[in-house]
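Encoded as structure tokens, the structure appears first; notes follow it.
Just so you know, ligand 1 is whichever comes first in the structure, and atom 1 is the first atom listed for that ligand.
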Amino acid sequence: MQHPFRRPLLAAAAAAALLMGPALAQIPAAQAPAPTAQAADPVQAALAESRAAAQALTRDLLTAVKSSLAADGPVGAIRTCNEVAPGIADALSQGGMTVGRTSLKVRNPDNAPDGWERAVLEDFAGRKAAGADPATLEHWEVLPGAEGGRSFRYMKAIAIPAESPCLTCHGTDLAPAVVAALDQLYPADQARGYRAGDLRGAVTVTRPLP
Ligand code: HEC
């Protein structure tokens, strides 16, 4: 089943709100339907914050993994990923927002996707198979949230770039010491066998919407 992709609708709504802005300004203040004009704003704000959080997580993890690889080598860097990655995600999760990483083939079972995330990951995989550049794939939706509220959910695909350290720990030809360290920490590891250009997973952000 094709997953619904609502981005064009949201983009159209935002464009309509922009176009309506000047027209509304000419309506006498008492009649101006201000709530309608502002309706798209919380979604746009949530999208901007989610994109920023996803970028920050990717950047902070890459910095941590690169410096640890240089200082400690691959086995030490695996321990850094194991200990530091969840903490970096927690530090970025503030104000009701949660930020994390997920994949159809997880290394850490704590990162397993829920139903909505799985559907989006499958949609990303389908779009990549149809020729899309995985580095450009993102998806967001407004969903029913807790206690009758609304929830904004955002996902940004994570690709394996050509020139990157990813394959040291997620590739097809792992060093024996890397295999031993991974086997010990992640007995159910599924996140091996990737090649440059593959879709590795996605950053996932959830936040309540006013
Ligand atoms: C030093 C080894 C190492 C390198 C290099 C590395 N990773 Fe990982 N990766 C790990 C470990 C260990 C985990 C599990 C972290 C945890 O326990 O949350 C992980 C988890 C992940 C996850 C979360 C989903 C899952 O499988 O649990 C993604 C996505 C990911 N890595 C992508 C990448 C990308 C993209 C790169 C390159 C920029 C990369 N990794 C480089 C070791 C590595």
Legend entry - ligand 1 contact by Ile78, heavy-atom criterion under 4.0 angstrom: yes

Inset, instruction - Check each heavy atom of Asn108 against ligand 1 and say whether those closer than 4.0 Å belong to the side chain, the backbone, both or neither. - result: both

Inset, instruction - Measure the distances from the heavy atoms of Cys166 to every atom of ligand 1 and state whether one is below 4.0 angstrom. - result: yes

Legend entry - Presence of salt bridge, Asp173 and Arg195, under 4.0 angstrom: no

Inset, instruction - Record the part of Leu62 in heavy-atom contact with ligand 1 below 4.0 Å; permitted values are side chain, backbone, both and neither. - result: side chain

Inset, instruction - May I ask you to identify the nearest protein heavy atom to atom 29 (C) of ligand 1, giving residue, atom name and distance to one decimal place in Å? - result: Ile158 CD1, 3.6 Å

Legend entry - Sub-4.0 Å atoms of ligand 1 with respect to non-hydrogen atoms of Ala77: 1 (C)

Inset, instruction - Distance to 0.1 Å, residue and atom name: give those for the protein heavy atom nearest to atom 32 (C) of ligand 1. - result: Arg200 CG, 3.5 Å

Inset, instruction - Can you pull out the closest protein heavy atom to atom 28 (C) of ligand 1? Residue, atom name and distance to 0.1 Å, please. - result: Arg101 NH1, 3.3 Å

Inset, instruction - Out of Lys66, Arg107, His170, indicate the one that has the non-hydrogen atom closest to atom 31 (N) of ligand 1. - result: His170

Inset, instruction - Tell me which protein heavy atom sits closest to atom 17 (O) of ligand 1, plus the residue, atom name and distance to 0.1 Å. - result: Tyr186 OH, 2.6 Å

Inset, instruction - Carefully, step by step, assess Arg101 and Leu61 under the rule side chain to side chain contact (heavy atoms under 4.5 Å, CB included). - result: CA-CA 11 Å; Arg101 294 183 301 170; Leu61 282 170; 3.4 Å; yes

Inset, instruction - For the pair Arg192 and Arg107, evaluate side chain to side chain contact (heavy atoms under 4.5 Å, CB included) and give the outcome as yes or no after the intermediate values. - result: CA-CA 8 Å; Arg192 304 179 197 181; Arg107 172 151 290 167; 3.6 Å; yes

Legend entry - Shortest reach to atom 23 (C) of ligand 1 by a heavy atom, considering only Asp72, Thr80, Asn111: Asn111

Inset, instruction - Report yes or no: does Thr63 contribute a side-chain atom to a donor-acceptor pair with the main-chain N or O of Arg59 at less than 3.5 Å? - result: yes

Inset, instruction - Kindly identify the option in Ala181, Ser68, Pro165 whose heavy atom sits closest to atom 5 (C) of ligand 1. - result: Pro165

Inset, instruction - Could you label the plane-to-plane angle of the Trp116 and His139 rings as parallel, tilted or perpendicular, counting under 30° as parallel and over 60° as perpendicular? - result: tilted

Legend entry - Asp123/Arg127 ion pair, N-O < 4.0 Å: yes

Inset, instruction - Using a 4.5 Å cut-off on heavy atoms from C-beta on, say whether the side chain of Pro161 contacts that of Cys166. - result: yes

Legend entry - atom 4 (C) of ligand 1 - nearest protein heavy atom and its distance: Cys169 SG, 3.3 Å

Inset, instruction - Answer yes or no on whether Lys105 is positioned over the face of Tyr194, meaning its NZ or CZ is under 6.0 Å from the six-membered ring centre and within 45° of the axis. - result: yes

